[in-house]
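Report on the following structure.
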Number of protein chains: 2
Amino acid sequence: MEITIATRAEDYSRWYTDVIAAAQLADYAPVKGCMVIRPNGYAIWERMQRALDDMFKETGHRNAYFPLFIPESFLKKEAEHVEGFAPECAVVTHGGGKKLDEPLFVRPTSETIIWDSYRNWIQSYRDLPLLINQWCNIVRWEMRTRLFLRTTEFLWQEGHTAHATEEDARQEAMRMLHVYRRFAEEWMALPVLYGEKTAAQKFAGAIRTHCIEAMMQDGKALQAGTSHELGQNFARAFNVTFLNEKGGREFVWATSWGVSTRLIGALIMAHSDDKGLVLPPKLAPIEVRVIPVFAKQPEKVGTAAEALRKELSQTLRVDMDARESASPGWRFVDWERSGIPLRVEVGPRDIDNHTAMVVRRDTGEKTSLPREGLADRLAELLMAVQKNLYDRALAFRNAHTYQVDDYEDFKRLIDERPGFYYAHWNGSSVVEAKIQEETKATIRVLEHDVEASPGKCMVTGEPSSRRVVFAKAY
Amino acid sequence: MEITIATRAEDYSRWYTDVIAAAQLADYAPVKGCMVIRPNGYAIWERMQRALDDMFKETGHRNAYFPLFIPESFLKKEAEHVEGFAPECAVVTHGGGKKLDEPLFVRPTSETIIWDSYRNWIQSYRDLPLLINQWCNIVRWEMRTRLFLRTTEFLWQEGHTAHATEEDARQEAMRMLHVYRRFAEEWMALPVLYGEKTAAQKFAGAIRTHCIEAMMQDGKALQAGTSHELGQNFARAFNVTFLNEKGGREFVWATSWGVSTRLIGALIMAHSDDKGLVLPPKLAPIEVRVIPVFAKQPEKVGTAAEALRKELSQTLRVDMDARESASPGWRFVDWERSGIPLRVEVGPRDIDNHTAMVVRRDTGEKTSLPREGLADRLAELLMAVQKNLYDRALAFRNAHTYQVDDYEDFKRLIDERPGFYYAHWNGSSVVEAKIQEETKATIRVLEHDVEASPGKCMVTGEPSSRRVVFAKAY
């Protein structure tokens with residue numbers, strides 16, 4: 001409770017760290033760039049895992065587990081892939097007291113070790129599609145780290161699928177992109193743009209990378225999930241072929257897709273306020289906290305609060321803060337910082353009136369509700385909170401989304417008024433790199449499902465068929 | 001299907017490997033000593049995780065996540081601990097393209113990195129007990145590996161708790177030992193002995209190690225779970241103290257406890273037969289497989305089988321093998337090898353008679369059951385299978401459990417007739433080591449909850465207060 005939370009206006013970056021500390025979500029670890037995910041933070045990850053895992057299984061995927069260690073020679077089999085990942089790997093050189101013959105890379109992603117197995121698992125078209133997912137830890141050596149958003153070790157899931165045709169692989173990549181989009185919108189209450197990355201920003205080894213992009217409360221973008229079409233690159237590298245229906249041999253088509261504990265960072269940055277954490281009800285480990293206000297009748301209040309807690313627990317995720325050593329005000333602040341969507345106060349007067357005082361974390365709104373049928377009313381309120389968080393995030397994004405046509409304007413505005421900037425671009429990686437160098441903004445996404453609207457590149461004046469989305473990003 | 005399964009009698013070790021291959025549970029990985037857990041194997045682990053995690057949460061534990069990497073200096077803070085674990089560690093010496101200042105050990109267990117955090121989390125008696133569990137991967141460099149039972153990387157859970165008194169810690173260690181015992185008995189259908197390890201066999205850094213021990217079908221023992229009283233060893237090493245109720249400072253008392261993917265190996269070895277895998281229903285990812293026997297009425301049979309599958313799926317975990325390309329006999333063998341507890345055959349005559357043919361995997365027993373109310377009858381049968389597997393394993397253990405008083409007899413019998421040998425021992429580590437060297441048998445457990453029965457050490461003739469359990473072990 002000794003932690004003071006900075007306001008977003010005074011120091012957004014410190015605010016983020018303070019919110020995490022006040023809610024006891026995570027700590028920096030003694031190992032450089034690593035984090036300890038504390039029980040309050042891990043409980044959010046468990047809810048995310050459960051929801052995503054259900055969605056993966058509904059779409060036909062099964063979980064498996066592949067080794068943490070990848071031989072150096074494997075990583076080298078796909079040229080772009082090794083170039084992209086080798087520099088950020090942790091390398092095991094000794095094991096069991098001896099120097100190893102070949103160094104082992106701690107997985108920065110698992111395409112190579114998985115496609116080595118797929119060579120044995122895939123013989124004919126009957127073995128396809130092969131739809132596998134893995135939940136695991138990943139290590140990428142990071143110089144500048146930030147809890148949840150960028151850490152040397154993080155937790156994630158990685159889907160790795162194999163298909164008979166390019167079209168099947170493409171459909172899978174799009175299916176999973178939309179699983180991520182739905183998860184962001186429906187569970188995280190987070191509106192996202194979705195579409196393709198530029199060639200310069202795609203995954204090392206992919207043909208095309210699709211992504212979802214969210215806006216944080218400082219107007220910066222955050223890539224929240226990616227889905228890659230890998231073409232036949234890994235099949236060629238690991239010689240994975242299948243016998244097609246006509247009896248011929250073909251290389252297999254691949255996708256991979258992933259989201260990570262980074263989503264917890266996105267959740268925090270998207271919804272929390274100057275009082276601390278705000279969680280969308282569907283991902284909140286606890287939806288309702290009961291707080292007895294003992295006044296001078298501790299026994300009567302304690303009994304009523306416990307009865308209420310028990311009743312609500314039948315249908316809702318509920319806890320209770322009945323510490324007599326802490327004042328109600330203190331416990332209210334604690335509730336606020338923990339991000340729990342609703343609190344229910346029970347005092348002597350509430351008991352006499354057959355009511356309970358309900359407070360929403362998102363709006364601070366206080367309402368006295370009838371004690372009878374309270375669980376149902378709370379369930380409705382939780383839905384309202386979930387919707388409000390989404391609407392609020394969408395309104396914020398809309399209010400910070402702009403069109404810009406002049407590059408000089410862009411250079412000034414992207415600093416003065418951060419947000420998503422729709423601008424024309426000639427499709428050149430050189431121009432993309434120049435813009436990034438001069439403004440630190442990147443092209444976040446070439447949106448799917450939007451109509452063409454011709455114009456002129458804001459930098460070169462060359463023709464452009466559509467606007468793309470620029471922003472500074474985490 | 002091209003895999004032949006060796007019989008247990010002809011080659012127990014090959015039988016084990018063949019059962020795993022035939023059921024597609026796991027493969028050896030290209031990285032020495034590591035394994036790939038295939039979807040069929042991982043689904044068993046997921047069911048184990050769910051059941052154990054529920055039991056941990058019911059007993060007040062919460063999950064968290066600590067770093068994969070442990071600085072060398074941390075491991076060295078507890079003398080016995082580093083001596084036990086350092087020789088089997090994988091060591092990261094390079095990260096992000098540079099040599100590290102201090103080597104990082106890939107966690108062989110997490111006491112040190114966790115107790116470093118506990119120093120910050122624990123201030124006063126109000127913070128105790130602290131009851132945390134972690135699900136993660138572990139690396140211990142192994143020379144001789146065997147799928148699931150002993151691999152360089154494996155998956156596990158590790159509980160790490162902190163307490164105000166030695167008595168509280170002791171109770172926690174016992175509580176979790178009995179959670180493991182119940183899990184083994186009720187979920188795995190595996191009878192276990194439970195008790196304490198000898199000083200020579202305890203965890204490096206523990207005061208006392210408690211364990212559960214199961215018997216495999218070759219009469220060898222398998223340690224299936226351990227629960228450690230760590231005393232104040234790690235609290236002293238990491239300077240973790242708390243303010244007690246009287247205002248004094250004390251070191252915190254610790255426990256740790258874990259089970260791993262090794263349990264999958266135990267499950268296979270305990271119940272499977274010469275036809276392949278046998279799974280206890282409660283841990284079987286699929287409980288019932290529907291197999292349409294098309295005969296000459298594929299449409300009629302297909303429709304009826306799909307209707308049945310759908311109906312059974314309401315309350316049971318069901319799949320269907322409706323491959324018209326594979327003969328019924330072929331599909332029956334496939335079902336056998338997959339370990340699914342029940343199969344339901346649907347053929348034209350069954351449909352006409354409003355019945356279904358049900359076959360048990362554990363006994364091979366075939367029964368024609370009325371189609372109406374079939375789901376309920378299958379649920380009853382599944383309970384009967386679960387019970388039968390437990391009873392069968394217990395009968396096997398009883399039939400392979402012996403008392404022995406003469407060391408020469410013991411030396412001969414432990415090879416001729418492997419099993420659990422109850423024998424008297426003088427309590428000396430020297431004698432224990434001599435027995436192990438001469439017979440390869442170890443003391444598996446000093447059982448809790450058994451009455452004293454004085455006798456004489458089979459090696460030295462010195463007095464002994466009780467018999468201990470000797471066996472060869474995995």
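Remember, it's a predicted structure, so these values are computed and weren't measured experimentally. In the text below, chain A, chain B and the rest are named by the order of the sequence lines, each starting its count at 1.
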What part of [X] lies closer than 4.5 angstrom to a heavy atom of chain A: side chain, backbone, both or neither?
X	answer
B/Phe105	neither
B/Leu155	side chain
B/Met35	backbone
B/Pro87	backbone
B/Leu68	both

inquiry  = Between A/Ile114 and chain B, with a heavy-atom cut-off of 4.5 Å, which part of the residue counts as in contact: side chain, backbone, both or neither?
reply    =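 No part of A/Ile114 comes within 4.5 Å of chain B.
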Could you list each N or O donor-acceptor pair linking chain B to chain A at a distance under 3.5 Å?
| unit_1 | atom_1 | unit_2 | atom_2 | d |
| --- | --- | --- | --- | --- |
| B/Asp27 | OD2 | A/Trp121 | NE1 | 2.8 |
| B/Ile37 | N | A/Tyr65 | O | 2.8 |
| B/Ile37 | O | A/Tyr65 | N | 2.9 |
| B/Asn40 | OD1 | A/Arg62 | NH1 | 3.0 |
| B/Asn40 | OD1 | A/Arg62 | NH2 | 2.9 |
| B/Glu46 | OE2 | A/Lys57 | NZ | 2.8 |
| B/Glu46 | OE2 | A/Asn63 | ND2 | 2.7 |
| B/Lys57 | NZ | A/Glu46 | OE2 | 2.8 |
| B/Arg62 | NH1 | A/Asn40 | OD1 | 3.0 |
| B/Arg62 | NH2 | A/Asn40 | OD1 | 2.9 |
| B/Asn63 | ND2 | A/Glu46 | OE2 | 2.7 |
| B/Tyr65 | N | A/Ile37 | O | 2.9 |
| B/Tyr65 | O | A/Ile37 | N | 2.8 |
| B/Tyr65 | OH | A/Asn137 | ND2 | 3.3 |
| B/Tyr65 | OH | A/Glu153 | OE2 | 2.5 |
| B/Leu68 | N | A/Glu153 | OE1 | 2.9 |
| B/Cys89 | O | A/Gly96 | N | 3.1 |
| B/Val91 | N | A/His94 | O | 2.8 |
| B/Val91 | O | A/Thr93 | N | 3.2 |
| B/Thr93 | N | A/Val91 | O | 3.2 |
| B/Thr93 | OG1 | A/Thr93 | OG1 | 2.7 |
| B/His94 | O | A/Val91 | N | 2.8 |
| B/Gly96 | N | A/Cys89 | O | 3.1 |
| B/Trp121 | NE1 | A/Asp27 | OD2 | 2.8 |
| B/Asn137 | OD1 | A/Asn137 | ND2 | 3.1 |
| B/Asn137 | ND2 | A/Tyr65 | OH | 3.3 |
| B/Asn137 | ND2 | A/Asn137 | OD1 | 3.1 |
| B/Glu153 | OE1 | A/Leu68 | N | 2.9 |
| B/Glu153 | OE2 | A/Tyr65 | OH | 2.5 |

Per-residue tally against chain A (heavy atom, under 4.5 Å) across B/Pro30, B/Ala26, B/Pro103 peaks at B/Pro30
ask   = Just wondering, do B/Val31 and A/Ile113 contact through their side chains at under 4.5 Å, heavy atoms?
value =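 When only atoms from C-beta onward are counted, B/Val31 and A/Ile113 do touch, with a gap below 4.5 Å.
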Picking from [options], which has the most non-hydrogen pairs under 4.5 angstrom with chain B?
options	answer
A/Cys136, A/Gly96, A/Gly41	A/Gly96
A/Ala90, A/Ala29, A/Pro67	A/Pro67
A/Ala43, A/Gly95, A/Ala86, A/Cys89	A/Gly95

Applying side-chain contact (heavy atoms from CB on, under 4.5 Å) to A/Ala204 and not counting sequence neighbours gives A/Phe85
